[in-house]
*Asks:* 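Would you mind keeping the following structure in view while I ask a few things?
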Amino acid sequence: MVNTKVTLCGIEIDNPVIPASGAFGYGQEFNELYDINILGSFSFKGTTREARFGNPTPRIAETASGMLNCVGLQNPGVEHVINHELPELKKIFHKPVMANVSGFSVEDYAYTCALLDKEEQVGWLEVNISCPNVHGGGMSFGTDPKNAAAVTKAVKAVTRKPVIIKLTPNVTDITEIARAVESEGADGVSLINTLSGMRINLKNKKPILSITTGGLSGPCVFPVALRCVWQVYNAVKIPIVGMGGISTSEDVIEMMLAGATAIEVGAANLIDPFASKKIIEGLPEAMAKYGINNLSDIIGGAH
Amino acid sequence: MKNLVFEIISNRKIAKNTYEMVLCGDITDIKCGQFVNITVDGLYLRRPISVCDAEEGKLTLIYKVVGVGTEKMSKMEKGVQLDLLTGLGNGYDVSKAGDKPLLIGGGAGVPPMYKLCRELAAQGKKCSVILGFGSENEVFYEDEFKSLGADTYVTTVDGSYGVKGFVTDAMNMDYTYFYTCGPEPMLKAVYNKSVTSGQFSFEERMGCGFGACMGCSCKTKYGNKRICKDGPVLEKEEIIW
C-alpha cells in the first residue's frame with residue numbers, strides 16, 4: 001500500500017494534487033462531476049478586494065499543447081466570496097481550501113488576506129503576485145524583489161495562516177524573487193504562473209486576445225515549470241508548490257523530484273473536467289511502477 | 001454535463017464549407033439550444049458545436065469549416081470515435097413560445113433552430129422560420145424545416161436565392177415570441193427589429209465550455225454571465241450590446 005500523503009506548511013493533505021486557481025472556480029462546477037473531497041485541496045478563483053469583470057473577450061487562444069488566457073482576474077470580490085462562496089463550499093468540501101488572493105496595491109493584498117485569514121475553511125493563503133493580465137498590479141509585484149518582499153511583509157503582518165507566494169516565470173532570475181519573499185517570512189512559494197505570450201489571427205491580421213497578450217499554460221510549459229522549481233528548490237528552504245502543465249500522475253512525480261512538496265493542476269481541468277481525479281487515482285499505480293512507497297520521500301529527490 | 005464517447009455514423013458536405021455530422025451515443029439530457037464540446041486529435045482545446053438534433057440515439061451536428069479544428073472534423077470518417085462533453089449550456093426555454101413562434105437562424109446559427117422547431121411543432125405550435133445565408137451555395141436544411149411543417153423563408157445577402165437581403169428583411173409575419181442564433185451583427189439587427197420578447201444564442205471563444213475558466217464572460221442586465229454555462233441563450237430583456 002503506497003502512501004500519497006504530504007505535509008504542506010504544517011497541514012497534512014491526503015495527496016499532493018491541488019487544482020490551480022482560475023481553473024476550478026469555487027469548486028461547484030466540478031463537484032457536479034465528482035466528489036471533490038478526493039483532492040488534496042484546491043486553490044479557489046483569484047479573489048480581489050473589489051469585484052472585477054476582467055478583460056473584454058476574446059480571452060482565450062490556443063497553441064500547440066497549450067492555451068493562452070487573458071481573463072484578468074474576474075471575481076465577485078472578497079466580501080461576496082466570504083458571504084456566499086465559502087458558505088456554499090462548506091456544504092460540499094470538508095478539507096482546508098487554498099485562498100488565492102490578488103491585488104493592485106500592498107494595502108489591497110493585506111486587506112483581502114486579513115479577511116480570508118479569519119475564515120475557518122481557509123488552510124493557506126496563496127498570494128498571487130504574478131498575474132500577467134492586469135495593469136498596475138499583479139505581475140508588477142512579482143517581477144521586482146523589493147515589491148515582492150513588501151507584499152509578503154504586509155500580508156504576514158496581518159495573518160496567522162501559512163502564506164504561499166505565487167511567483168511568475170516572466171523574470172530573469174526567479175530565485176531572486178523566491179529569496180526575497182522567503183526573507184520576509186513567506187511560508188512557501190508556488191510556481192509557475194503563466195508565461196506571457198500572444199497569437200495573431202491570420203484572417204484579420206490582428207492579435208486574437210483582446211489585450212494582445214495572455215498567459216500561456218498547458219503541457220507546453222511543463223519543462224519551464226520544472227526548471228523553475230528545480231532552481232528555486234536550490235535557493236530556498238521553504239516548501240514549493242509546483243505547477244505548470246501537469247496533466248498526468250507521472251508529471252506529479254517528476255515535479256516532486258524537482259523539488260515540489262505539492263503540485264497544482266490548471267489547464268488540464270479545462271480540457272478534461274476529470275483530469276485531477278484521474279491524476280489522483282493514477283498515483284498509486286505510477287508510484288508502484290517507479291518503486292515509490294511514500295510520495296513525500298521523493299521531494300527534491302532528483303537533486 | 002456528461003463526458004461520453006460517440007461514434008460517427010456519417011459526415012457529409014451539405015453546402016459551401018458546411019458539413020453535417022451524425023453520431024451515435026447516449027443523447028439523454030441533451031436539450032435544444034445546448035452545445036457539445038469535442039476533443040479533436042492533435043488540438044489542445046475542445047471544439048464547441050451547437051446541437052442541431054438529438055433523437056433516437058443519434059446526435060446531429062452541423063458545422064462550418066472556419067479553422068484548423070473544423071477542418072480536421074470535416075475529414076473524419078464513419079466509425080471514428082470522438083470524446084464529447086454533452087449537455088452544455090442552458091438551452092432554449094420552449095415554454096415561452098406562444099402559439100406562433102418565429103425562429104431565425106443565420107449561417108452557422110441555423111442548426112440549433114432545427115431541434116427547437118421539431119419540439120415546438122410536436123407541441124402543435126405554428127412555427128415560422130427564417131434562414132439567412134450569404135449566397136445560394138451556402139443554403140442548407142430548407143427542406144428539412146419545411147418537412148416539420150414550418151413556414152420557411154430563406155434570405156440571401158446577394159439575392160441569389162429566396163428573399164434578397166438579411167433575415168430582418170423577412171421579419172414581417174405575425175409572431176408571439178422569437179428565438180434566434182447567428183453572427184452578432186445579425187442578432188443585434190433582430191433585437192432592433194423584433195416586436196416581441198425573445199431569446200438569443202451567443203457565440204464566444206471558450207476555454208472549458210462548462211463554466212470553470214471565465215474565458216467567455218459577458219455583462220448582462222442581470223449581472224455577469226458565462227456564455228458557456230449561464231448561456232449561450234440570453235433573454236432579450238437582459239442583453240447589453
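Here is how names work: the chains are called A, B, and so on, in the same order as the sequence lines, proteins then strands, and each is numbered from 1.
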*Asks:* Who wins among Asn269(A), Leu202(A), Val71(A) for the most heavy-atom pairs under 4.5 Å with chain B?
*Replies:* Val71(A)
*Asks:* Counting heavy-atom pairs under 4.5 Å with chain B, which one of Ala51(A), Ser65(A), Ala23(A), Ala64(A) comes out on top?
*Replies:* Ser65(A)
*Asks:* Heavy-atom pairs under 4.5 Å with chain B are the metric here; pick the option from Pro273(A), Ala61(A), Ala267(A) that has the most.
*Replies:*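 It is Pro273(A).
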*Asks:* Using atom types as modelled and distance alone, determine if a side-chain donor or acceptor of Arg46(B) lies under 3.5 Å from a backbone N or O of Ile271(A).
*Replies:* yes
*Asks:* Quick check for you: to the nearest 0.5 Å, what is the distance between Phe53(A) atom CZ and Cys218(B) atom SG?
*Replies:*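 Here the interatomic distance stands at 6.5 Å.
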*Asks:* Among Ile208(A), Asn75(A), Asn55(A), which residue forms the greatest number of heavy-atom pairs with chain B at distances under 4.5 Å?
*Replies:* Ile208(A)
*Asks:* Which one wins on heavy-atom pair count under 4.5 Å against chain B: Pro76(A), Gly66(A), Gly22(A), Gly218(A)?
*Replies:* Gly66(A)
*Asks:* Given that the side chain runs from C-beta out, which part of Lys229(B) has a heavy atom under 4.5 Å from chain A: side chain, backbone, both or neither?
*Replies:*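 When you check distances to chain A, only side chain atoms of Lys229(B) fall under 4.5 Å.
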*Asks:* Between OG1 of Thr57(A) and CZ of Phe202(B), what distance do you get to the nearest 0.5 Å?
*Replies:* 11.0 Å
*Asks:* Give, as side chain, backbone, both or neither, the part of Leu85(B) having an atom under 4.5 angstrom from any heavy atom of chain A.
*Replies:*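 Just the side chain, heavy atoms under 4.5 Å.
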*Asks:* Taking all atoms of both residues into account, what is the closest heavy-atom pair of Pro58(A) and Arg205(B), and its distance?
*Replies:*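 Looking at all heavy atoms of both residues, the shortest contact is CB-CD, 3.7 Å.
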*Asks:* Report the option among Gly207(B), Gly215(B), Gly67(B) that has the most heavy-atom pairs separated by less than 4.5 Å from atoms of chain A.
*Replies:* Gly215(B)
*Asks:* I'd like to know if Glu62(A) pairs up with Arg47(B) as an ion pair, taking the criterion as any Lys NZ or Arg NE/NH1/NH2 lying under 4.0 Å from an Asp or Glu carboxylate oxygen.
*Replies:* yes
*Asks:* Before you tell me yes or no, could you show the steps for Ile60(A) and Met206(B) under side-chain contact (heavy atoms from CB on, under 4.5 Å), namely the whole-Å CA-CA distance, both residues' side-chain angles and the distance that decides it to 0.1 Å?
*Replies:* CA-CA 6 Å; Ile60(A) 304 287; Met206(B) 292 176 185; over 6 Å; no
*Asks:* By a 4.5 Å heavy-atom criterion (distance strictly below it), what part of Tyr26(A) contacts chain B: side chain, backbone, both, or neither?
*Replies:* neither
*Asks:* In the structure I gave you, are the side-chain heavy atoms of Gln74(A) and Asn224(B) within less than 4.5 Å of one another anywhere?
*Replies:* yes
*Asks:* Identify which of Pro219(A), Gly54(A), Gly25(A), Cys220(A) forms the greatest number of heavy-atom pairs closer than 4.5 Å to chain B.
*Replies:* Pro219(A)
*Asks:* Strictly distance-based, threshold 3.5 Å: is any side-chain N or O of Lys203(A) a donor or acceptor partner for the main-chain N or O of Val66(B)?
*Replies:* yes
